Amino acid sequence: MTKQDVLLQSNLPLPPFIKGKVRDTYTLDDHLLIVASDRISAFDVVLPCGIPAKGAVLTQLSAFWFEKTQQVIPNHMVEVVSENTDLTAYADGANMSDFLRDIVGRSMIVKRAERLAVECVARGFLAGSGWAEYKKQGTVCGVNLPAGLQESEQLPEPIFTPTTKADTGHDMPMTFTEVQNQFGAEMAQKLKDTTLALYNFARDYARTRGFIIADTKMEFGIRNGELILIDELLTPDSSRFWDVNLYKAGQAQDSFDKQPVRDWLENSGWDKAPPAPMLPENVISETAQRYVTAFERLSGRKLA
């Protein structure tokens with residue numbers, strides 16, 4: 001496997017479990033191996049180029065948050081793949097010594113769980129699609145908010161705005177009643193309470209590192225009858241991170257994510273239908289720097 005394979009394909013000699021826009025997941029008996037590539041998508045289309053170090057950031061930042069939030073809820077993480085990882089301990093015959101070097105730092109071994117088909121979104125600030133809806137209707141995902149709020153303003157209290165979990169295309173907003181109907185009242189309340197507890201914990205911590213977490217989304221699963229946190233957690237792909245010192249309500253904020261990619265594509269004349277155009281080198285490098293900066297400032301660690 002070459003570096004380009006890791007970047008765009010992540011083809012490994014293991015049984016495939018699922019291939020996503022960014023992550024490729026493989027079966028390891030009772031565990032899964034999640035490989036975060038450097039692929040990037042925008043407007044639901046995977047671009048023909050990657051963002052260097054993006055996969056490592058997604059894996060290592062998720063691991064940081066999984067470790068930090070274990071007191072809130074258990075999660076599916078077992079370990080981040082390192083040079084010392086023995087995959088045969090998780091699956092007979094999984095000898096991947098020839099491939100291990102290329103997936104170190106960007107891959108995670110996790111416990112299997114039954115995924116709940118809902119994206120659990122917590123919003124603490126008025127931004128993105130939430131701001132667009134609020135301007136028209138005074139609501140965000142059907143949640144009534146006070147009149148007179150500005151773009152990017154902090155909400156009186158964080159709100160839970162779940163969406164469907166779509167394998168392809170757009171996730172669609174769900175009401176809390178729809179979540180109750182799908183999962184039962186008790187589980188729906190637990191999803192809401194846990195999502196907001198995780199957001200509040202992360203929001204308060206991120207402030208100490210110079211970041212505002214405007215909103216974030218997370219996923220949950222059931223393992224051995226217990227609700228656990230799965231997928232990724234509080235990364236630039238799943239959250240809006242704003243610099244505390246640059247924040248100013250009443251306008252759009254500069255985010256530590258793929259904003260340079262979205263901005264360039266919006267101005268490129270692309271019709272947002274596949275295939276997507278190749279990004280310029282300066283956009284790729286600027287985006288990569290934002291991902292790495294988000295990781296290093298939040299974790300206090302250098303990216304491995």
Side-chain angles (χ1 to χ4, degrees), residues 1 3-12 14-27 32-63 65 76 102-103 105-108 110 113 115-121 128-129 162-173 215-221 229-241 255-266 268 270-279 283-284 287-288 290-292 294-295:
M1 184 174 62
K3 293 289 186 182
Q4 186 70 5
D5 289 328
V6 176
L7 175 66
L8 297 177
Q9 299 176 43
S10 302
N11 292 322
L12 300 178
L14 291 170
F17 184 77
I18 191 170
K19 182 182 178 75
K21 292 174 184 173
V22 173
R23 293 172 180 78
D24 298 325
T25 304
Y26 299 88
T27 299
L32 298 173
L33 174 68
I34 302 177
V35 182
S37 74
D38 288 347
R39 294 192 299 265
I40 190 166
S41 67
F43 308 109
D44 293 319
V45 179
V46 177
L47 276 61
C49 50
I51 303 299
K54 179 173 179 282
V57 167
L58 298 183
T59 297
Q60 293 177 44
L61 189 54
S62 290
W65 287 114
H76 70 166
D102 294 321
I103 64 171
R106 66 170 62 246
S107 307
M108 185 182 293
V110 303
R115 186 187 76 179
L116 299 180
V118 56
E119 288 270 13
C120 292
V121 182
S129 61
T163 72
T164 59
K165 175 60 181 173
D167 291 325
T168 59
H170 292 285
D171 298 330
M172 300 302 294
D215 51 47
T216 191
K217 62 182 179 180
M218 54 196 75
E219 293 187 45
F220 296 89
L229 192 57
I230 64 171
D231 195 54
E232 65 180 315
L233 183 61
L234 292 154
T235 72
D237 274 11
S238 65
S239 317
R240 283 189 178 91
F241 298 132
S255 298
F256 282 76
D257 56 17
K258 57 187 173 185
Q259 182 175 321
V261 172
R262 289 190 295 261
D263 291 346
W264 186 86
L265 289 172
E266 285 279 15
S268 70
W270 178 47
D271 62 2
K272 300 180 183 176
M278 182 69 71
L279 297 174
V283 174
I284 292 173
T287 305
R290 290 187 185 217
Y291 274 78
V292 173
F295 170 79

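Position 1 is the first residue of the sequence; numbering continues from there. Computed from a predicted model, the values in this text were never measured in an experiment.
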Note, Leu265 side chain near Leu47 side chain (heavy atom, < 4.5 Å): yes
Is it true that a side-chain atom of Arg106 and a backbone atom of Thr59 form a donor plus acceptor pair closer than 3.5 Å? no
In Å, rounded to the nearest 0.5 Å, how long is the span from CG of Asp215 to OG of Ser238? 9.5 Å
Identify the two heavy atoms, one from Pro16 and one from Thr27, that lie closest to each other, and give their separation to 0.1 Å. O-OG1, 4.2 Å
How many angstroms lie between CG in Asp257 and CD1 in Ile51, if you round to the nearest 0.5 Å? 11.5 Å
Okay, side chain of Asp38, backbone of Gly55: is any donor-acceptor separation there less than 3.5 Å? yes
If we ignore hydrogens and angles and just use 3.5 Å, is the side chain of Ser239 paired with the main-chain N or O of Phe241 as donor and acceptor? no
Side chains of Arg290 and Pro260 in contact at under 4.5 Å (non-hydrogen atoms): yes
Rounded to the nearest 0.5 Å, what's the gap from NZ on Lys217 to OG1 on Thr163? Could you check? 7.0 Å
Would you mind reporting whether Leu229 and Phe220 have side-chain heavy atoms less than 4.5 Å apart? yes
Find out whether Arg115 and Lys165 are in side-chain contact, i.e. whether some heavy atom of one side chain is under 4.5 Å from a heavy atom of the other. yes
Over all heavy atoms of both residues, which pair between Pro236 and Leu61 is shortest? Give the atoms and the distance, please. CD-CD2, 3.8 Å
Euclidean distance, Gln259 CD relative to Thr287 OG1, rounded to 0.5 Å: 9.5 Å
Do Leu279 and Val261 have side chains that get closer than 4.5 Å, going by heavy atoms? yes
With distance as the sole test, does Ser62 use its side chain to make a donor-acceptor pair with the main-chain N or O of Leu233 at under 3.5 Å? yes
Ser37 side chain vs Arg39 backbone, donor-acceptor pair below 3.5 Å: yes
Can you confirm whether Val118 sits close enough to Thr164 that some side-chain heavy atom of one is under 4.5 Å from a side-chain heavy atom of the other? no
For Val45, does its backbone N or O pair with a side-chain atom of Lys272 as donor and acceptor, under 3.5 Å? no
Sub-4.5 Å side-chain heavy-atom contact between Ile34 and His76: yes
Reported NZ-to-NZ distance for the pair Lys54 and Lys258, which is rounded to 0.5 angstrom: 6.5 Å
Glu266 to Phe43 - nearest heavy-atom pair and separation: OE2-CZ, 3.5 Å
Here the gap from Leu58 atom CG to Thr235 atom OG1, rounded to the nearest 0.5 Å, amounts to 5.0 Å
Side-chain heavy-atom pair Ile103, Leu33 within 4.5 angstrom cut-off: yes
